[in-house]
Peer 1: 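Encoded as structure tokens, here's the structure I'll be asking about.
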Number of protein chains: 2
Amino acid sequence: MDGAGGPRVTAAMVAERAGTSVSTVSLVVNGKSRGRVSPAITERVRTAVHELGYVVDHAASSLARGRTDLVVLLAPDLPNPYFGRVTTGIREALGDRHQLMLSVIASGTQPGADDVRRVAAFRPAGLLVHAPSPTFLDELDPGGPPLVLLDAPGFEDRAATVTFDLRPGVRALVGHLAAAGHRTIAYLDGATPSATFAVRRAWLREIAATHGITVLGAGDDPDRPPAATGHARDGSAGSDRARDGSTRSARTPDHSTRPDRAPDDSARSARTPDGSTRSDRTPDGSAGPVRAGLSLDAAADTAVGAIPGWLDAGATAVVAAADTLAYGVLAAAHRLGLDVPGDLAVAGFDDLPYSQVTAPPLTSVALPAEELGRAAAHRLTALLTGTDTPGPAPLASRLAVRASTAPP
Amino acid sequence: MDGAGGPRVTAAMVAERAGTSVSTVSLVVNGKSRGRVSPAITERVRTAVHELGYVVDHAASSLARGRTDLVVLLAPDLPNPYFGRVTTGIREALGDRHQLMLSVIASGTQPGADDVRRVAAFRPAGLLVHAPSPTFLDELDPGGPPLVLLDAPGFEDRAATVTFDLRPGVRALVGHLAAAGHRTIAYLDGATPSATFAVRRAWLREIAATHGITVLGAGDDPDRPPAATGHARDGSAGSDRARDGSTRSARTPDHSTRPDRAPDDSARSARTPDGSTRSDRTPDGSAGPVRAGLSLDAAADTAVGAIPGWLDAGATAVVAAADTLAYGVLAAAHRLGLDVPGDLAVAGFDDLPYSQVTAPPLTSVALPAEELGRAAAHRLTALLTGTDTPGPAPLASRLAVRASTAPP
DNA sequence: CTGAAAGCGCTTACAG
DNA sequence: CTGAAAGCGCTTACAG
């Protein structure tokens with residue numbers, strides 16, 4: 001009960017028992033004995049290791065080696081089931097070569113300088129950061145470990161990044177809504193200032209515009225940090241202007257694989273409206289962004305307040321930045337006595353499994369979470385072994401059509 | 001890109017810059033300088049630390065100290081949103097004194113000896129294990145770190161444990177179902193052999209029996225390990241017999257706080273039927289347990305196969321061991337063209353937030369996940385500081401009644 | 001094929 | 001109040 005944990009077994013104890021030296025023990029337990037240690041001694045060491053229950057001390061080992069097998073994942077939003085799926089993919093692709101350490105950040109918070117510090121103390125072999133905010137990246141120690149960002153559109157120039165190509169899904173969603181006769185739709189954004197949310201909003205507005213659809217609450221992002229570093233604009237879906245003005249040298253070689261540069265993309269749609277400098281920090285009526293915490297309950301509360309205004313402004317549909325937010329909209333609609341999709345259509349992003357069984361089943365832009373995790377892990381191991389390639393093509397999104405957006 | 005990470009800053013570098021020794025640097029960065037280092041030098045060290053961006057190397061520090069600030073959480077089921085909530089509670093209660101490291105196990109798998117080994121290498125200050133299986137505990141190195149089990153009913157004698165008192169919730173559920181006229185209900189169990197599932201099943205059957213309700217698929221657990229160690233029975237809700245026969249000395253002093261010994265508990269209901277030695281590994285018709293993986297899709301597939309048989313056997317309701325399983329039952333009912341609750345009532349355990357918006361909203365035994373996490377973290381820190389008390393009272397469950405169990 | 005020894009970056013008594 | 005030195009448990013050249 002006193003935390004002692006008993007006398008720890010050391011290599012010296014194993015060596016003594018096997019009648020050999022610690023050097024030899026080290027060789028054997030690290031699988032480097034082939035041709036360096038006689039089979040007889042190797043066997044004796046193995047036996048002693050088993051009998052004593054010896055485990056190589058991680059701290060001592062990494063101190064001596066000068067490196068770690070640790071991959072740290074900065075986890076900003078553990079309670080979101082989406083995140084769990086990403087982690088599953090990472091774990092799967094990382095295999096046994098690396099120990100995955102999940103650094104849990106307080107829920108609803110973004111990773112701060114302190115979190116980065118604490119993580120740095122572990123000298124991780126690599127760092128994985130999911131849906132980072134622009135400011136988080138600026139806090140990173142420039143001499144830090146190899147880094148892969150997940151779902152961080154617009155940061156391709158700053159670090160190795162694995163992203164989604166949101167356009168197929170958003171196009172399908174907008175086309176679907178347009179066909180159902182919607183002309184004004186509202187957008188419920190996530191309260192987290194992550195780049196991925198900014199891009200979801202930007203693409204939706206952009207593509208909706210080509211259909212003559214107005215999107216309430218999808219104006220410029222007032223939380224985007226000022227363009228001081230020249231990266232701020234990259235936080236959006238990316239504009240040619242911002243990229244051309246960049247002084248970054250470590251670019252992703254293959255620009256054509258980036259979601260905003262795909263061959264089938266017209267010049268117009270490649271430029272997102274976020275390139276504009278207009279500030280709407282002063283809410284311009286019903287067009288101001290509405291943000292909600294990522295939990296169902298928080299989103300429901302926010303939506304209950306926002307829906308009446310949206311309806312007054314003529315909205316017939318709501319798109320939420322994440323499925324968990326969309327669930328909140330469903331709950332809010334219920335509380336307000338509104339029929340979905342009769343009075344209000346609802347759609348989300350992510351396509352969580354639970355969206356199959358909501359009332360009504362939720363239309364959602366499906367984002368392949370586990371694939372994202374796998375791709376990021378592969379990218380990181382490539383980085384660590386020096387075999388990194390330009391970066392995989394962005395992972396395609398698609399639309400899962402369900403009853404929540406059925407024509408009234 | 002080569003993983004170098006630049007020259008790491010050491011205490012020696014800080015010392016040189018501050019014109020002092022590494023001993024002094026160590027004192028200052030560890031906040032032990034009060035009255036041991038002059039204010040002037042302390043200040044110089046602080047400045048140097050900032051300028052150089054020095055971070056104490058975790059490996060070297062813990063090697064020198066002989067202990068770690070690491071708390072490792074063995075995470076068997078990350079994708080389950082329930083688990084994320086538990087983790088949030090842990091993180092919250094742990095504060096800054098400990099670094100939480102989530103050791104992610106392959107999804108759907110139970111932690112194995114290898115996982116335990118890998119974790120042992122980190123010499124964690126403490127270990128947190130969520131919903132362990134009985135065999136997992138047996139793999140633990142006896143000389144391991146202080147340990148707290150979460151949602152591990154029946155293991156109170158083997159380790160510090162934080163559990164739920166399932167009875168209030170299950171009683172309410174059974175009463176509710178009985179009032180609605182259900183006489184035969186089916187049980188969908190989780191495929192994971194964790195003790196908590198065994199107890200959920202046992203209490204349901206036990207309490208249902210007092211109402212004259214038959215529970216299909218809630219027979220004895222064929223996966224319960226043989227009673228070789230004398231602990232096997234403790235894996236159930238616990239029987240006096242098993243406990244009296246125990247040779248364990250490190251008991252929880254206050255037995256009256258244990259869920260199976262609460263004052264209002266009758267002698268009969270305190271003994272669960274799992275105390276029986278009858279084996280039903282050979283399926284005895286429709287009464288054999290039906291188990292499903294914890295994902296919605298896996299559960300749906302299983303349920304599609306099982307529901308017809310349940311209906312034939314006269315079942316009018318299904319209780320699932322977890323909400324994610326219950327979602328699968330909802331999906332399966334839909335596929336089979338059944339109305340819920342008209343043709344089949346459905347209920348789950350956990351009360352995930354999403355259960356508010358399912359079709360229909362799901363009745364569920366609410367288990368306070370974050371509270372569980374918080375309580376476990378508090379228990380562990382108490383253990384580490386030697387101030388451990390008999391153990392908190394089990395956390396009360398309650399019933400969230402929703403439309404999925406409304407009378408037809 | 002095997003082992004003595006240096007060194008990884010800290011912390012902690014222990015002298016001054 | 002301050003610093004030199006030992007030692008934490010490994011790994012890795014380096015001699016034999």
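Chain identifiers are assigned alphabetically (A, B, ...) following the order of the sequence lines, protein sequences preceding nucleic acid strands; residue numbering begins at 1 within each chain.
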Peer 1: Grab the NE2-P distance between A:His58 and C:dG9 for me, whole Å please.
Peer 2: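 Taking atom P of C:dG9 as the reference, NE2 of A:His58 is at 16 Å.
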Peer 1: Which nucleotide wins on minimum distance to the side chain of A:Ser26, given the candidates D:dT11, D:dT2, D:dG9?
Peer 2: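 Nucleotide nearest to A:Ser26's side chain: D:dT11.
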Peer 1: Could you state the atom-to-atom distance from CZ of B:Arg67 to P of D:dG9 in whole Å?
Peer 2: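 Whole-Å distance recorded here is 14 Å.
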Peer 1: Below 3.5 Å between N/O atoms, which protein atoms pair up with nucleotides 4-7 of chain D? Just atom names and distances, please.
Peer 2:
unit_1, atom_1, unit_2, atom_2, d
D:dA4, N6, B:Ser23, OG, 2.6

Peer 1: What pattern of brackets, bars and dots sums up DNA chain D from 5' to 3', given Watson-Crick or G-U wobble pairs under 3.5 Å, [ ] for crossing pairs and | for another strand?
Peer 2: |||.||||||||.|||
Peer 1: Can you measure A:Leu27 atom CG to C:dG3 atom C1' for me and round it to whole angstrom units?
Peer 2: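 In whole Å, C:dG3 C1' and A:Leu27 CG are 11 Å from each other.
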Peer 1: Examine the side chains of B:Ser21 and B:Thr24 and answer whether a donor and an acceptor come within less than 3.5 Å of each other.
Peer 2: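 There is such a pair between these side chains.
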Peer 1: Identify whether any heavy atom of B:Thr20 sits under 4.0 Å from a base atom; if not, whether one sits that close to sugar-phosphate; answer base, sugar-phosphate or nothing.
Peer 2: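 Answer is sugar-phosphate: B:Thr20 comes under 4.0 Å of backbone atoms only.
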Peer 1: How many Å lie between CZ on B:Arg44 and C1' on D:dC1, as a whole number?
Peer 2: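 Rounded to the whole Å, the gap is 13 Å.
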Peer 1: Is there a side chain to side chain donor-acceptor pair (under 3.5 Å) between A:Ser194 and A:Thr192 once you walk through the steps?
Peer 2: CA-CA 6 Å; A:Ser194 56; A:Thr192 310; 5.6 Å; no
Peer 1: Heavy atoms from C-beta onward define the side chain here; which of D:dC1, D:dC10, C:dT11 lies closest to that of B:Ser38?
Peer 2: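 Shortest atom-to-atom distance from the side chain points to D:dC1.
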Peer 1: Please report the distance, rounded to the nearest Å, between CG in B:Leu63 and P in C:dC8.
Peer 2: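 It is 14 Å, rounded to the nearest whole Å.
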Peer 1: Nearest-Å distance, CZ (A:Arg65) to C1' (C:dC8)?
Peer 2: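 After rounding, the reported distance stands at 12 Å.
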Peer 1: Scan A:Arg36 against the nucleic acid and name what it touches under 4.0 Å (heavy atoms): base, sugar-phosphate only, or nothing.
Peer 2: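 Base, at least one base atom sits under 4.0 Å.
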Peer 1: Students often get this wrong, so: under 4.0 angstrom with heavy atoms, is A:Val55 touching a base, only sugar-phosphate, or nothing?
Peer 2: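 Answer is sugar-phosphate: A:Val55 comes under 4.0 Å of backbone atoms only.
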